[in-house]
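In what follows, a single structure is set out as structure tokens and then discussed.
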Amino acid sequence: MSRPLWVAGLTAGLTFLYFLLTTAILIWGERRVVARMQSRLGPNRVGPLGALQTLVDGLKMFFKEDVTPAMVKQPIFTVAPLVGVVAGLLSTAVIPIGGEVTLGGETFTLQVADLGVGVLWFLAMGSIHVYSVFLAGWASSSPYPLLGGVRSSAQMISYEIAQGLAVASVFIYAGSLRVSDIVAAQSGEGLLPGLPGWFAIPLLPAFAVFVVGMVAEAGRPPFDLAEAEGELVGGFHTEYSGLRFGMFMLAEFMAVVIQSAMVVTLFLGGPSGPTFGLPAPIAAVMPTVWFTLKTLLFIFLFILLRGALPRTRYDRLMALGWKLLIPVGLVWALATAALVLVREDGGLSTTARLGLAAGAVVVAVLGLATGRGGRDAATIGRAVSTAVRPTAPAATDEPDPAEVAR
Amino acid sequence: MTLGGQYGTVAVMVVFGAVLYAIIMLLNRLMRPSVPSPLKLSTYECGVDAVGSGWSQMNIRYYVFAFLFVIFDVEAIFLFPWAVIFGDLTSSTTPSALYALVAMFLFIATLLEGLAYAWRKGVLRWE
């Protein structure tokens, strides 16, 4: 598919504007909602309900002095925020924010690029964002940014694996990495008539892993370890000031919007939704409306999490990622494949089905019977129950007698 | 002028982002004050003078996690092409669907064993 340069440019510009606007809504909404949760008023002076506060704050950044400490390593110090912002911007390229709109004789597909590698592109841009965080921490040559950078990058790469494994089961269902194919695969009816064919329903465990992973990936509370100001001051961007600091903030908030948009695309049918038989010009915009509503729902979830949950401790964060989410993601990808085989007629002979079931039973019994399996289950239970708890020491932290003996 | 292929549009977006960033930074340079002083340019250290290099020692566990990350990320990359074609396989194709499933089971079981080993060795614990 080829399109004129101006169409491509306009689509890219519109997508960028869309995500920038949603980011502004996120920042404003967060301040309003969290203020309400803490019995405060929140911003209410600039514009209706303080809605223009974000814009004014952004403008203020332009007039702030940009202090570049003498010890920093140039040019990496300067380039790091650019990498973060551009990586965030580029990951929006594969997200469809609506259907097709005809304007001035040209058909606009509201997706910058429907790449063959699709979701892989999104994951890759997430990985490049890690470079921005780590290099910013390293190039500051200052203790707090260095520790914050290492911490954040270890957190981001850990949860990136969990996210990637969760996405694998989506690929099995959709049979493609291409985002438009994944959205199309969810357009039919679901397991029950009347339910949408969204992957969130049959792939619920993968959906759950992805949602937890996206909160950690965006570095948001309760997983905002990078900004544990009591221990790390500001994390990797301690030495940044002025607009460069603003760029890091933009990249971070944009990550929330992008992750929300991606979970909607992968698990909630993306821009699909009923058009209620509306006339043509309105019906063409309806997909964008649906997409925005679904994305705002997840953004609201992010805000609620921030208002409700205290920050986790780092060891619990890593335990949740490595001991729960990654094994669950792996096993669920295989379980999905096995389910697809069992469901398909001609996919598997009766003997093979029985063999598969017997194998599953043997594995389950072995896992439960061995003492190791029992201990692991206990560890997992502890990881789950403590991951969402405040940082105060819990009673479950008493040393296990077996551990002490070892 | 038309852009062939999807990556052309992505290239437009890269240029778009970089140019926008450059414009913003240029505007910022014109508008911001610049009053450096030796104290202001020193490394942040909670009010005390910074001693020595800013690069401190890190916990060795980060290193181990980086290794584990490489193993599991590469594994995910192996998993993706398999996941994409898996739906097309049946008992009559070569390889058959069951063969593909068992092969992936063995591959993942090996890696899970690695994770279990690291777990057992206490690598995943933070003291």
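Given the structure is predicted, the values throughout are model-derived calculations rather than measurements. Here is how names work: the chains are called A, B, and so on, in the same order as the sequence lines, proteins then strands, and each is numbered from 1.
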*Could you check which of B/A83, B/A22, B/G17 has the highest count of heavy-atom pairs closer than 4.5 Å to chain A?*
B/A83
*Quick one: of B/R29, B/M104, B/M25, who has the most non-hydrogen atom pairs under 4.5 Å with chain A?*
B/M25
*Classify the ring geometry between A/Y314 and B/Y62 as parallel (under 30°), tilted (30 to 60°) or perpendicular (over 60°).*
tilted
*Ring geometry between B/F16 and A/F16 (parallel below 30°, tilted from 30 to 60°, perpendicular above 60°)*: perpendicular
*Give, as side chain, backbone, both or neither, the part of B/V35 having an atom under 4.5 angstrom from any heavy atom of chain A.*
both
_Atom group of A/L243 that falls short of 4.5 Å from chain B, counting heavy atoms_ = both
*Measure the CE-CG distance between B/M31 and A/D66 for me, rounded to the nearest 0.5 Å.*
13.0 Å
*asked:* Can you confirm if the aromatic rings of A/F171 and B/W82 lie within a centre distance of less than 6.0 Å?
replied: no
*At a heavy-atom separation under 4.5 Å, does A/E65 approach chain B through its side chain, its backbone, both, or neither?*
both
*With a 4.5 angstrom heavy-atom cut-off, which part of A/W138 approaches chain B: side chain, backbone, both or neither?*
both
*A/S169, A/A12, A/P69, A/A174: which one forms the most heavy-atom pairs within less than 4.5 Å of chain B?*
A/P69
_A/A154, part contacting chain B, at a heavy-atom distance under 4.5 Å_ = side chain
*Heavy-atom proximity to chain B below 4.5 Å, by part of A/P145*: neither
_Heavy-atom proximity to chain B below 4.5 Å, by part of A/S176_ = backbone
*For the residue pair A/G9 and B/V12, what are the closest heavy atoms and their distance?*
CA-CG1, 4.0 Å
*Under 4.5 Å from any heavy atom of chain B - which part of A/V331*: side chain
_Using heavy-atom distances under 4.5 Å, tell me whether A/S153 contacts chain B through its side chain, its backbone, both, or neither._
neither
_Could you tell me if the side chain of B/N28 sits less than 4.5 Å from the side chain of A/K64, heavy atoms only?_
no
*Determine, step by step, whether B/F65 and A/M318 satisfy the side-chain contact (heavy atoms from CB on, under 4.5 Å) criterion, reporting the C-alpha distance in whole Å, the side-chain angles of both residues, the deciding distance to 0.1 Å, and the verdict.*
CA-CA 10 Å; B/F65 274 105; A/M318 293 305 258; 3.9 Å; yes
*What are the two closest non-hydrogen atoms of B/F80 and A/G164, and how far apart are they?*
CE2-O, 3.3 Å
*Going from CH2 on B/W119 to NZ on A/K323, what distance comes out if it is rounded to the nearest 0.5 angstrom?*
6.0 Å
*Name the region of B/I85, side chain, backbone, both or neither, that has any atom closer than 4.5 Å to a heavy atom of chain A.*
neither
_Is A/T78 in contact with chain B via its backbone, its side chain, both, or neither, using a 4.5 Å heavy-atom distance?_
backbone
*Looking at A/I157, A/L330, A/L120, A/V170, which one has more heavy-atom pairs under 4.5 Å with chain B than the rest?*
A/I157
*Heavy-atom side-chain proximity of B/Y21 to A/P81 below 4.5 angstrom*: yes
*Out of A/V150, A/L165, A/L89, which one racks up the most heavy-atom pairs below 4.5 Å with chain B?*
A/V150
_Closest contact, heavy atoms only, A/A337 versus B/F86_ = O-CE2, 3.3 Å
*Search all heavy atoms of B/L115 against all heavy atoms of A/P327 and return the closest pair with its distance.*
CD2-CG, 4.0 Å
*Answer with side chain, backbone, both or neither: which region of A/M247 has an atom nearer than 4.5 Å to a non-hydrogen atom of chain B?*
side chain
Distance-only donor-acceptor pairs under 3.5 Å for side chains of residues 66-79 of chain B, two or more places apart:
none

